[in-house]
Amino acid sequence: MTSYWNVSHRRISAHDSLLLLSAPPQILTDMFSLRSHLLPVIRLYLLGLKELLVQMFTTAFRLPVMPRQDGKVAIVTGGGRGIGYEVVRHMARLGVHVIIGGRDEREGLAAVRKICEEYKQAKVEFKELDLASLQSVHQFVQSFKQQGLPLNILINNAGVMLVPEGRTEDGFEQHFGVNYLGHFLLTWLLLDTLKDSGMSGPFSRVVNVSSSVHRIGDVRLNDLNSRQCYSAHAAYCHSKLAQLVFSSHLDQELQLGGFPVTSCAVDPGMVDTALYCHLWTPLRLVHSALAPLLLKTPVEGAATVLHAALAPALEGECGGSYWANGCREMTTPPTFDPQLKLSLWETSLQLLGLQ
């Protein structure tokens, strides 16, 4: 019989088709599994290489001088390190009262101390938030609302990438549960506060930190938890596309309701952070050696996020957009599909018990 390894690497002839039809079920299963696992890996790393080359030959966006933002309150998920930390640090310097939402208390409190040592007047605090736990999200929001503070800026920054197959506390695939569903719930529970805060001042803003990998993602409404065939690489891409679809539909809902809140998405670029810790070991070693030379710094990665969150020129104008390196960019067709956006929105509400 023709080896299935050879079949998967060349055009399948009529003879091969007959052989495949008569092949044992296990061989067909193995072939499907190989394709399902290998293809997302190849696509992700090819896209990563392309984005890296473009990034290397493009001048990194530099955040212009921003006015003081005294009186504003912001929540930044994953603000204890990396891009999130630099976002918190810069906003605190401008007078924003920032709440870091994160699951690592030691890391979060260390970030608070470091920022307050650098800027004596900084208003920064840490609250525990585990996006892999719906209960934790509810508790975080309840604790925040008890403070009676407004909320002008919500930055959904935290995320996981290429984590081994596993489930969140509530049984969701980890990329889908943390990157998308946890932030969906957090945003939903904070919407009233965002709306009220926008009524008494500048528009409130929701900034979703996405990624260029959304371009090779897919929103599979019948398999959002990747149960049919799991690939960490595919699951990460799917979660980032879902986040972008949500960001677009959220802004549409807000504008239809006439609420003073905008929602946009941002691609920070390829940034030297701990997000790459789950790379395949040989690649992780190469990454560790080359990342400081080839990737953006967290400060550079935070620039477009801060621009979308703070720029006065974007007052009421950044809604529904996607930003990369300081510029608006077009996204993939799924983000413009009204039926997909509505279906994902309604499905998410059902999964979260919000209907």
Side-chain angles (χ1 to χ4, degrees), residues 41 44-45 47-49 51-52 55-56 60 75-92 98-115 118 124 126-133 136 155-166 168 173-180 182-183 186 207-214 232-233 235-237 239-240 243 266-306 324:
V41 175
L44 179 59
Y45 289 128
L47 177 64
L49 179 59
E51 293 294 322
L52 179 59
Q55 181 172 293
M56 287 171 61
I75 291 175
V76 181
T77 67
R81 62 180 176 178
I83 295 171
Y85 172 79
E86 295 300 337
V87 168
V88 173
R89 176 173 168 267
H90 195 89
M91 288 200 298
V98 190
I99 294 95
I100 296 173
R103 62 179 181 177
D104 189 329
E105 183 178 20
R106 180 180 298 181
E107 179 182 81
L109 293 177
V112 170
R113 285 194 301 271
K114 188 175 179 181
I115 293 171
E118 186 175 1
V124 186
F126 170 82
K127 288 185 182 295
E128 185 175 350
L129 171 63
D130 182 358
L131 290 161
S133 165
S136 176
I155 299 182
N156 293 322
N157 164 75
V160 295
M161 181 174 79
L162 308 186
V163 295
E165 184 173 9
T168 67
E173 189 278 319
Q174 290 193 78
H175 295 90
F176 176 70
V178 174
N179 297 349
Y180 171 70
H183 280 127
L186 177 67
V207 180
N208 299 287
V209 181
S210 187
S211 167
S212 61
V213 303
H214 79 272
H233 295 75
Y236 175 62
C237 299
S239 71
K240 286 301 177 179
Q243 193 176 31
V266 170
D267 170 17
M270 299 185 70
V271 184
D272 185 13
T273 70
L275 192 63
Y276 295 88
C277 64
H278 292 288
L279 283 174
W280 183 43
T281 301
L283 286 177
R284 190 169 68 247
L285 295 175
V286 173
H287 172 270
S288 299
L290 298 180
L293 301 173
L294 303 179
L295 303 189
K296 287 183 178 181
T297 65
V299 171
E300 292 172 328
T304 301
V305 179
L306 287 162

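The first residue in the sequence is number 1, and the count goes up from there.
- Atom CG of residue Leu129 and atom CD of residue Glu105 lie 13.0 Å apart, to the nearest 0.5 angstrom.
- For Glu128, there are no salt bridge (charged side-chain N to carboxylate O under 4.0 Å, His left out) partners, not counting sequence neighbours.
- For Ser133, the side chain to side chain donor-acceptor pair (under 3.5 Å) partners at least two apart in sequence or on another chain are Glu169.
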task: Test Ile155 against Met91 for side-chain contact (heavy atoms from CB on, under 4.5 Å), laying out the working first.
output: CA-CA 12 Å; Ile155 299 182; Met91 288 200 298; 4.1 Å; yes
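- With sequence neighbours excluded, the residues satisfying side chain to side chain contact (heavy atoms under 4.5 Å, CB included) with Glu165 are Arg167, Tyr230.
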message: As a quick check of understanding, evaluate side-chain contact (heavy atoms from CB on, under 4.5 Å) for Asp272 and Leu294, giving each step before the final call.
response: CA-CA 9 Å; Asp272 185 13; Leu294 303 179; over 6 Å; no
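- Shortest non-hydrogen contact noted between Gln174 and Pro164 is NE2-O, 3.3 Å.
- With rounding to the nearest 0.5 angstrom, the CD atom of Gln243 is 12.5 Å from the NE2 atom of His175.
- Under the ring-ring contact (aromatic ring centres under 6.0 Å, His included) criterion, Phe126 pairs with no residue, sequence neighbours left out.
- Residue Ala132 comes nearest to Val178 through the heavy atom pair CB-CG2, 3.8 Å, listed as atom of the first residue, atom of the second, then distance.
- Contacts of His214 classified as ring-ring contact (aromatic ring centres under 6.0 Å, His included), with partners at least two apart in sequence or in another chain: Tyr322.
- In terms of the side chain to side chain contact (heavy atoms under 4.5 Å, CB included) criterion, residue partners of Arg103 (sequence neighbours excluded) are, by chain and number, Asp130.
- Residues meeting the ring-ring contact (aromatic ring centres under 6.0 Å, His included) test with His233, sequence neighbours left out: Tyr45.
- Qualifying side chain to side chain contact (heavy atoms under 4.5 Å, CB included) partners for Val299, counting only residues two or more places apart in sequence or in other chains: Glu86, Thr297.
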message: Before you tell me yes or no, could you show the steps for Ile83 and Leu275 under side-chain contact (heavy atoms from CB on, under 4.5 Å), namely the whole-Å CA-CA distance, both residues' side-chain angles and the distance that decides it to 0.1 Å?
response: CA-CA 10 Å; Ile83 295 171; Leu275 192 63; over 6 Å; no
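- Residue Asn208 holds its CG atom at 10.0 Å from OH of Tyr180, rounded to the nearest 0.5 Å.
- In plain terms, the two heavy atoms of Asp267 and Ser211 that are nearest each other are OD1-CA, 3.9 Å.
- Residue Lys240 comes nearest to Val209 through the heavy atom pair NZ-O, 3.0 Å, listed as atom of the first residue, atom of the second, then distance.
- Between the side chain of Thr304 and the main chain of Pro268, no donor-acceptor pair closer than 3.5 Å is present.
- The OG atom of Ser212 sits 8.5 Å away from the CG atom of Leu44 when rounded to the nearest 0.5 Å.
- Residues Ala274 and Arg81 come closest through the heavy atom pair CB-NH1, 3.8 Å.
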field: Working for side-chain contact (heavy atoms from CB on, under 4.5 Å), residues Val87 and Val207
entry: CA-CA 12 Å; Val87 168; Val207 180; over 6 Å; no
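- In this structure, the side chain to side chain contact (heavy atoms under 4.5 Å, CB included) partners of Ala158, at least two apart in sequence or on a different chain, are Thr77, Leu131, His183.
- Asn179 meets the side chain to side chain donor-acceptor pair (under 3.5 Å) test with Ser239; sequence neighbours excluded.
- Scanning for salt bridge (charged side-chain N to carboxylate O under 4.0 Å, His left out) contacts around Glu51 gives an empty result, with sequence neighbours left out.
- Residue Ile100 is tested with Ile75, Leu109, Val88 for a side-chain contact (heavy atoms from CB on, under 4.5 Å); the sole match is Val88.
- Smallest separation of non-hydrogen atoms from Gly80 and Glu107: O-CG, 3.8 Å.
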